[in-house]
There are 4 protein chains.
Amino acid sequence: MDASLLIIQPTASDPIYRQIVDQLRRLIASGQLVSGETLPSVREVAGFHAINPMTVSRAYGLAESEGLLERLRGKGMVVAARRGGGDSEAERLRLLEPALLDLSRKAQELELAAAPVLERLQQLLGTP
Amino acid sequence: MDASLLIIQPTASDPIYRQIVDQLRRLIASGQLVSGETLPSVREVAGFHAINPMTVSRAYGLAESEGLLERLRGKGMVVAARRGGGDSEAERLRLLEPALLDLSRKAQELELAAAPVLERLQQLLGTP
Amino acid sequence: MDASLLIIQPTASDPIYRQIVDQLRRLIASGQLVSGETLPSVREVAGFHAINPMTVSRAYGLAESEGLLERLRGKGMVVAARRGGGDSEAERLRLLEPALLDLSRKAQELELAAAPVLERLQQLLGTP
Amino acid sequence: MDASLLIIQPTASDPIYRQIVDQLRRLIASGQLVSGETLPSVREVAGFHAINPMTVSRAYGLAESEGLLERLRGKGMVVAARRGGGDSEAERLRLLEPALLDLSRKAQELELAAAPVLERLQQLLGTP
DNA sequence: GTGGTCTAGACCACA
DNA sequence: GTGGTCTAGACCACG
């Protein structure tokens, strides 16, 4: 995996360490990161994104305690062993649920009908 | 409006002042609070929920700068007049754009196809 | 004079009593209010604009102490005696100076050239 | 940027936090503060001017919600990236509209002709 | 009565 | 180190 795969937004409301953990969770669930694959070192990620190494370290530590990553002595962090190359669609949809709930709540606060929201989202999903 | 209509959770991760602003936004969008309606005074809300008046004041001030409330000098805060019965659909959709982009990015990180995502969102939007 | 001649904006940053005094000053300077003319009673103004009588009273009191109005026993407030039917153009322009300075400062903060500002103002002044 | 660049007048009618926000707006509009530049910390400004940190924090928070500043977590506040090198002239003129309407109304209350008003304003705008 | 401002001091999350 | 949040209590302007 390359450090550039991660997207860091230093001004987002989410703290940086959680942005990293969340992305790792999704990249692993989708199979873009496979079991045994080595992650870029803390220094590499920190240097590439100009963030504090401690922040990356904290994210890796949380990911490890969550079972996403494993610490191999001398090799660094690798993606933990999983039952398959990625989660089922239902499983991945479950990981998206919080974002869906958030969007849904906001759309309803704005009194938006379902149609225009779905239409716009389809546009965004159709052009990756 | 009565101070008891607001729900304050002092232990939530969201700060109290934002809980208040968010609820006001919701209550106004849903029509439970109508233009011109008077809000309970800062001291009333603070007393009822046993929180500091300044915290309530901060929420009211933010809601005012957001255009939700208006300050009637010496009288208190009232729900602001909505410009022309609410924003246009295009305008409201524009306000939703950041959340849509966020969801879209996460769905693509999960390598989810558009169909299941749209389907689930439609469910959520259909049952307000 | 009729109470409807005054324009009150309860949500403006300027306090109401000063809005009244300032308008009286301008209406007298322009000759729209002439010496000896009777002003609407405190109750009348307060009732018409749905504001607190004390606020109107305070404004009248300040206008009196400024020499704009005089309190005639049994008649109420009247416009004070002045040397002419209104001030000279230079004098009235002087009264506008604070607003001109304010506008000028804001235009410069916005890095706006003089031309578009003057053009827009001419439009506004041309269609009273 | 240095904390001494800010000028605080504790006796002015404008509250301190707004003095700070207004100055930041001016400094950014005039280019004295450029995108990405780091601001002095809340504690630094508070210490230098002998005011309460919360007052500075309030100013920074408002400036952030206005889009003037961005918060870099754990690092501090920086001048926000300007979208496309500044607003268009039409956009900036639109921001000036309220002040223009205010001036226009006052000029008409003074029954001033357009010419002398425009002439004086041109003088003011010509000597920044 | 209303909200606004400021202070002093505490505790917390994040980097 | 950074800013964020909350409290307790004071004083003020406005109506």
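To find a chain, count down the sequence lines: A is the first, B the second, and so on, and within it residues start at 1.
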Requested in this report: Let me see the working for C:Ser30 and C:Gln32 under side-chain hydrogen bond (donor to acceptor under 3.5 Å, both in side chains), right down to the final yes or no.
Outcome: CA-CA 6 Å; C:Ser30 71; C:Gln32 295 180 61; 3.1 Å; yes

Query raised in the report: What distance do C:Tyr17 atom OH and C:Arg58 atom CZ have between them, rounded to the nearest 0.5 Å?
Result: 5.0 Å

Report task. Assign each of A:Pro15 and D:Asp14 to its nearest nucleotide of DNA chain E by heavy atoms, then name whichever residue's nucleotide is nearer the 5' end. Result -> D:Asp14

Query raised in the report: Is a side-chain N or O of B:Glu37 found less than 3.5 angstrom from the main chain of B:Val34, in a donor-acceptor match?
Result: yes

Query - Length of the CG-P vector between B:Leu39 and E:dG3, whole Å - result: 9 Å

**Report entry** Phosphate contact (F:dG3 OP1 or OP2) by D:Ser57 side-chain N/O below 4.0 Å
**Finding:** no

**Report entry** Approximate separation, where rounding is to 0.5 Å, of C:Arg71 CZ and C:Leu39 CG
**Finding:** 11.0 Å

Report task. Using atom CG of D:Leu62 as one end and atom C1' of E:dT5 as the other, report the distance to the nearest whole Å. Result -> 13 Å

Query raised in the report: Checking D:Gln19 side chain against D:Asp14 main chain: does a donor-acceptor pair fall under 3.5 Å?
Result: yes

Requested in this report: Find the distance between CG (B:Leu62) and CZ (B:Arg18) and round it off to the nearest 0.5 Å.
Outcome: 9.0 Å

Query raised in the report: Starting at the 5' end of DNA chain F and moving along, which residue's nearest nucleotide shows up first, B:Arg18 or C:Arg18?
Result: B:Arg18

Report summary line: What residues 73-80 of chain B contributes to the DNA chain F interface at heavy-atom separation below 4.0 Å is B:Arg73, B:Gly74

Query raised in the report: Can you check the C:His49 NE2 to F:dG15 C1' distance for me, whole Å?
Result: 16 Å

Query raised in the report: What's the spacing between A:Leu103 CG and B:Leu100 CG if we round to 0.5 Å?
Result: 5.0 Å

**Report entry** Value in whole Å for how far the C1' atom of F:dG4 lies from CZ of B:Arg58
**Finding:** 7 Å

Is there any protein nitrogen or oxygen under 3.5 Å from a nitrogen or oxygen in nucleotides 7-12 of chain E, and what are the pairs?
from, atom 1, to, atom 2, distance (Å)
E:dT7, OP2, D:Asn52, N, 2.9
E:dT7, OP2, D:Thr55, OG1, 3.0
E:dA8, N7, D:Asn52, ND2, 2.7

Query raised in the report: How far does CD of C:Glu64 sit from CD of C:Glu70, to the nearest 0.5 angstrom?
Result: 8.5 Å

Requested in this report: Looking only at non-hydrogen atoms, find the nearest pair between B:Ala80 and B:Gly67 and report the distance.
Outcome: CB-O, 3.3 Å

Requested in this report: For DNA chain E, just give me the dot-bracket, please: Watson-Crick or G-U, both distances below 3.5 Å, ( ) intra-strand, [ ] crossing earlier pairs, | paired with another strand, . unpaired.
Outcome: ||||||||||||||.

Report summary line: Whole-Å distance, B:Gln9 CD to F:dT5 C1', equals 17 Å

Query raised in the report: For A:Tyr17 and E:dC14, what is the distance between atoms OH and C1' respectively, to the nearest whole Å?
Result: 8 Å

Query raised in the report: Would you say the side-chain atoms of C:His49 pair up with the backbone N or O of C:Leu6, donor to acceptor, closer than 3.5 Å?
Result: yes

**Report entry** d(CZ, D:Arg71; C1', E:dA13) in whole Å
**Finding:** 11 Å

Query raised in the report: Rounded to whole angstrom units, what separation is found between the CD atom of D:Gln19 and the C1' atom of E:dC6?
Result: 13 Å

Query raised in the report: Is it true that atom CZ of B:Arg26 has more than 12 heavy atoms of other residues, nucleotides or ligands lying nearer than 6.0 Å?
Result: yes

